[in-house]
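Read the structure below first, then the notes.
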Amino acid sequence: MDIDIVSVFPEYFDVLDLSLLGKAKSKGLISVHAHNLRDWTHDVHQSVDDTPVGGGAGMVMKPAVWAECLDELLGLPEADNTDRPILIFPNPSAPLFTQQDATELSHAQHLVFGCGRYEGYDARIPTYYRERGVDVREYSIGDYVLNGGEVAVSVMLEAITRLLPGFMGNPDSIVEESYTGGNALLEHNQYTKPASWRGLDVPAVLLSGDHAKVDRFRRDEALKKTDRIRPDLIAQLDCHALSKADRKTLIELGWEVSGDHPRRIS
Ligand code: JAH
């Protein structure tokens with residue numbers, strides 16, 4: 001996978017060499033290049049922003065500099081673009097980046113990330129590339145505003161690259177995550193030894209050696225925890241994919257499980 005990142009602080013991404021991502025780089029699994037947007041300016045001040053049209057506070061990143069940079073990284077305007085790059089902009093006003101997006105993007109050959117700064121970037125930049133057939137994505141990583149897209153890009157990169165085959169030390173943990181539903185439910189609590197620590201005991205069923213009972217306990221714990229703190233995730237479950245035991249637990253938690261998705265009734 002080839003990853004290009006455009007930022008006015010490309011050095012921010014030097015830390016990627018220290019992480020697992022650095023190992024994947026040295027293994028040749030991925031290549032990461034962080035570019036300085038100012039390298040595509042022509043003026044002495046290397047200006048990348050301007051005042052907002054219509055007025056208001058702060059500055060907006062101007063489209064012309066971005067376009068010179070992105071045309072080059074995306075290989076435009078050549079029509080026979082074989083590597084089909086995906087262009088991604090972090091944006092606090094965009095749809096949430098989810099595990100499903102990470103999985104989908106982990107299959108791409110070439111990702112180009114654009115990091116905005118200031119109050120954001122001119123909205124015509126994503127429009128322009130979409131109109132030219134580029135797969136352009138804008139994502140938020142959560143309901144908060146950052147000073148720029150760099151932190152959001154490092155979050156997305158970590159979520160994407162850990163899914164690459166051969167990336168992780170232990171591929172089993174990825175399989176386990178996905179068959180337990182990825183982000184469908186929150187994970188049950190985890191415990192290690194000792195069984196009793198400072199007066200706090202590990203739930204006895206986990207020491208029973210009865211694997212069926214352990215699985216059921218963990219599944220119920222996941223359902224209860226998700227009901228408490230992310231009921232929106234329960235409401236997205238597919239009722240037809242629930243086991244009899246799952247239905248029983250959800251009914252006890254106050255959900256109706258007869259339609260396509262669970263509905264809270266008490
Ligand atoms: C802030 C450009 N939801 C995460 C997120 C993503 C991007 C930005 N903020 C928050 C951002 C300023 C300029 C992007």
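Counting starts at 1 for both ligands and their atoms, in listed order.
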Interatomic spacing from CG in Leu253 to CZ in Arg228 - rounded to 0.5 Å
9.5 Å
CA sep, side-chain torsions, deciding dist, call: Arg218, Glu221, salt bridge (Lys or Arg N to Asp or Glu O under 4.0 Å):
CA-CA 5 Å; Arg218 286 178 165 166; Glu221 289 295 294; over 6 Å; no
According to salt bridge (Lys or Arg N to Asp or Glu O under 4.0 Å), does anything in residues 49-68 pair up with another residue at least two apart or in another chain? List the pairs.
none
Pair Arg124, Glu131 - check salt bridge (Lys or Arg N to Asp or Glu O under 4.0 Å), show working.
CA-CA 10 Å; Arg124 292 170 293 181; Glu131 284 180 352; over 6 Å; no
When you pair each N or O of ligand 1 with protein N or O atoms, which pairs come out under 3.5 Å?
| from | atom 1 | to | atom 2 | distance (Å) |
| --- | --- | --- | --- | --- |
| ligand 1 | 3 (N) | Ser140 | OG | 3.0 |
| ligand 1 | 3 (N) | Ile141 | N | 3.3 |
| ligand 1 | 3 (N) | Gly142 | O | 2.8 |
| ligand 1 | 3 (N) | Tyr144 | O | 3.4 |
| ligand 1 | 9 (N) | Leu146 | N | 3.1 |

Donor-acceptor check, side chain of Thr226 to backbone of Leu186, threshold 3.5 angstrom: yes or no?
yes
Using distance alone, with no hydrogens and no angle criterion, decide if Asp101 and Tyr139 have a side-chain donor and acceptor under 3.5 Å apart.
yes
